[in-house]
Number of protein chains: 2
Amino acid sequence: MLDTIADILEGLEETIISKLIDRAQFKANPVAYEAGRSGFTGEALLSLFDLRLRYQEEMDASFGRYCVPEERPFCRDLPRPKRTVNLPDTGLRIDDFDRVNMTAQIKEHYLSLLGGMCEAGDDGQYGSSVEHDVYALQAISRRIHYGALYVAESKYRHDPGGCDRLLSRGDTEGLLQMLTRKEVEERILERVGEKVARAQAEVNRSVRRLIEPETVLAFYRDCIIPLTKKGEAAYIENRQR
Amino acid sequence: MLDTIADILEGLEETIISKLIDRAQFKANPVAYEAGRSGFTGEALLSLFDLRLRYQEEMDASFGRYCVPEERPFCRDLPRPKRTVNLPDTGLRIDDFDRVNMTAQIKEHYLSLLGGMCEAGDDGQYGSSVEHDVYALQAISRRIHYGALYVAESKYRHDPGGCDRLLSRGDTEGLLQMLTRKEVEERILERVGEKVARAQAEVNRSVRRLIEPETVLAFYRDCIIPLTKKGEAAYIENRQR
């Protein structure tokens, strides 16, 4: 089971990489992240980025996206789904998937990634920039929550007694350590770096801007992997017994 | 100028290919394209696909996407933009970009592509399928309209007298022939086939479904290239003098 989950997580790497490359075709465009500068009348508190994220999630909520465990929303108070989504049994044991919602921290990490990943400055392409931000965030969030939920359930089943002992002592640090597989993490980082290089090996550089493999690798190391583990711990702490 | 346009069109190939591969990770899911089976109450005339396309375009219209010449909408009666989009001078000479709108034919070609590209059957993933349909359609439409508008303007400027002579005779066939560059088309087809193969060369086949280079190549040959040329002819016919 853990092998299948690892394969699925691996399959999501291409998606994350291609969304980041898409975003990096536009400059950093700081105006798009400043509250009150969206150009939308009456929206003094939100940036164009905030608005795009909310509009996208309202649409997605109507279509039932957040019925899927690994699709966790960044916004609160979204509309109810307008259709019924029939899920196969997920095998997860938690009463509310949103007990594992790492989106606030994902957004923070992502927004600080932009400075290093995009060319500095303003190209006026605010709409395209925030559109691609939202697609990148969705791909990153799916990866983190898929890992957090399914890896944690699998590891719990492998050693329920060990997990319960750590929990009863309130030893979150020990739990995080139990969830750590150093050699797996290193393999992921190496593979991601190679994929970023390969994805860009043959592009026409006169029209496509390249990103550094190291940028994505560092994002995996400092955001995706640790937040997945924090999410795993949150899942195990909230798992129904 | 024609070289820069060709480079930009080339840069859009990766996007189209990756969106098609994304869609092909789900089965054909014919239910998602049947009117009245979306699960949305009161929507007897539309399919889930139709609804997703409309919701997406309503959101995008609010953000000003259709102020951009090559972004032509599939739906009619969309809301006005809620923000002002400042475009640099495009160099195009047409009073309404929607005089060149090939979306009806793009949609028809795309929907018949699905049967050959996706695995037959129903995996229940209707929401994801139509989400990726819309992203693929947007990428294809951008490629076709960018080519139609900017290639046509560039070719017109190269030989206004020749274009005007064909137009005054009402010789659309002659115009299409004038717009045809056989050797360029063959180079595109070859390159697209190679890119599809390369994009999938190293993926983990246990989690990612592959698509045939020939499928995308045929779509370029039978849809993207001819509709770009039809769009070019429409642009020249409607160009302001």
Side-chain angles (χ1 to χ4, degrees), chain A residues 3-4 6-15 18-19 21-22 25 37-43 48 51-52 55-56 58-60 62-65 67-68 71 81-88 124-128 130-131 135 138 191 194-195 198-208, chain B residues 3-4 6-15 18-19 21-22 25 37-43 48 51-52 55-56 58-60 62-65 67-68 71 81-88 124-128 130-131 135 138 191 194-195 198-208:
Chain A
D3 280 355
T4 318
D7 279 347
I8 290 170
L9 294 178
E10 187 184 329
L12 294 173
E13 290 162 5
E14 272 83 5
T15 313
S18 75
K19 308 286 183 221
I21 294 173
D22 284 347
Q25 302 313 305
R37 298 194 62 185
S38 66
F40 280 54
T41 42
E43 297 287 5
L48 189 67
L51 284 163
R52 182 75 192 191
Y55 272 68
Q56 176 79 39
E58 287 180 354
M59 171 175 71
D60 285 337
S62 301
F63 282 79
R65 173 190 287 255
C67 304
V68 177
E71 302 286 4
K82 295 191 176 178
R83 52 188 283 263
T84 315
V85 177
N86 294 313
L87 285 180
Q125 303 264 22
Y126 310 145
S128 296
V130 300
E131 178 186 335
Y135 299 149
Q138 290 184 326
R191 190 175 60 217
E194 284 167 7
K195 282 186 184 179
R198 202 160 52 226
Q200 305 177 106
E202 314 248 1
V203 300
N204 181 335
R205 292 170 187 229
S206 64
V207 284
R208 293 285 277 185
Chain B
D3 280 355
T4 318
D7 278 347
I8 290 170
L9 295 178
E10 187 184 328
L12 294 173
E13 289 163 5
E14 272 83 4
T15 313
S18 74
K19 308 283 182 222
I21 294 174
D22 284 347
Q25 303 311 306
R37 297 194 64 184
S38 65
F40 280 54
T41 43
E43 295 288 4
L48 189 67
L51 284 164
R52 181 77 192 190
Y55 273 67
Q56 175 80 37
E58 287 180 353
M59 171 175 71
D60 285 337
S62 300
F63 281 79
R65 173 190 287 255
C67 304
V68 177
E71 302 285 4
K82 295 191 177 180
R83 52 188 282 263
T84 315
V85 177
N86 294 314
L87 284 179
Q125 304 263 24
Y126 310 144
S128 296
V130 300
E131 177 187 334
Y135 299 150
Q138 289 185 326
R191 189 175 59 216
E194 284 167 10
K195 283 185 184 178
R198 202 161 51 227
Q200 306 177 106
E202 314 247 5
V203 301
N204 181 336
R205 290 168 189 231
S206 64
V207 284
R208 292 284 279 184

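Seen from the ring of A:F63, B:R52 counts as a face-on cation partner, given the 6.0 Å and 45° thresholds.
Of the atoms belonging to A:L51, heavy atoms from both backbone and side chain fall under 4.5 Å from chain B. Only the side chain of A:D22 comes within less than 4.5 Å of a heavy atom in chain B; its backbone stays farther off. Proximity to chain B (any heavy atom under 4.5 Å) is shown, for A:S128, by neither the backbone nor the side chain. For a residue to count as touching a neighbouring chain, one of its non-hydrogen atoms must lie under 4.5 Å from one of that chain's; by this rule B:L48 touches chain A with backbone and side chain alike. Only the side chain of A:S206 comes within less than 4.5 Å of a heavy atom of chain B; its backbone N, CA, C and O stay farther away. Of the two parts of A:E131, only the side chain, counted from C-beta on, holds a non-hydrogen atom closer than 4.5 Å to a non-hydrogen atom of chain B. Of the atoms belonging to A:N86, not a single heavy atom falls under 4.5 Å from chain B.
A:Y55 is not listed as a side-chain neighbour of B:Y55, based on a closest heavy-atom distance of 4.5 Å or more. Contact annotation: the side chain of A:Y126 never approaches that of A:R37 to less than 4.5 Å [non-hydrogen atoms, C-beta and beyond]. Side-chain contact check for B:D7 versus B:T4: every heavy-atom pair is 4.5 Å or farther apart. With a 4.5 Å cut-off on side-chain heavy atoms, B:K82 and A:T41 do not count as touching. Residues B:Q56 and B:Q138 have side chains in contact (heavy-atom distance under 4.5 Å, counting atoms from C-beta outward).
With chain A as the partner, the residue from B:P81, B:S18, B:S62 showing the most heavy-atom pairs under 4.5 Å is B:S62. Of the listed residues B:V203, B:D60, B:V85, B:T84, the one with more heavy-atom pairs under 4.5 angstrom with chain A than any other is B:D60. For chain A, the option among B:E10, B:R65, B:E14, B:R198 with the highest count of heavy-atom pairs below 4.5 Å is B:R198.
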- Yes or no on side chain to side chain contact (heavy atoms under 4.5 Å, CB included) for A:Q200 and A:R208, after CA distance, side-chain angles and deciding distance? CA-CA 9 Å; A:Q200 305 177 106; A:R208 293 285 277 185; over 6 Å; no

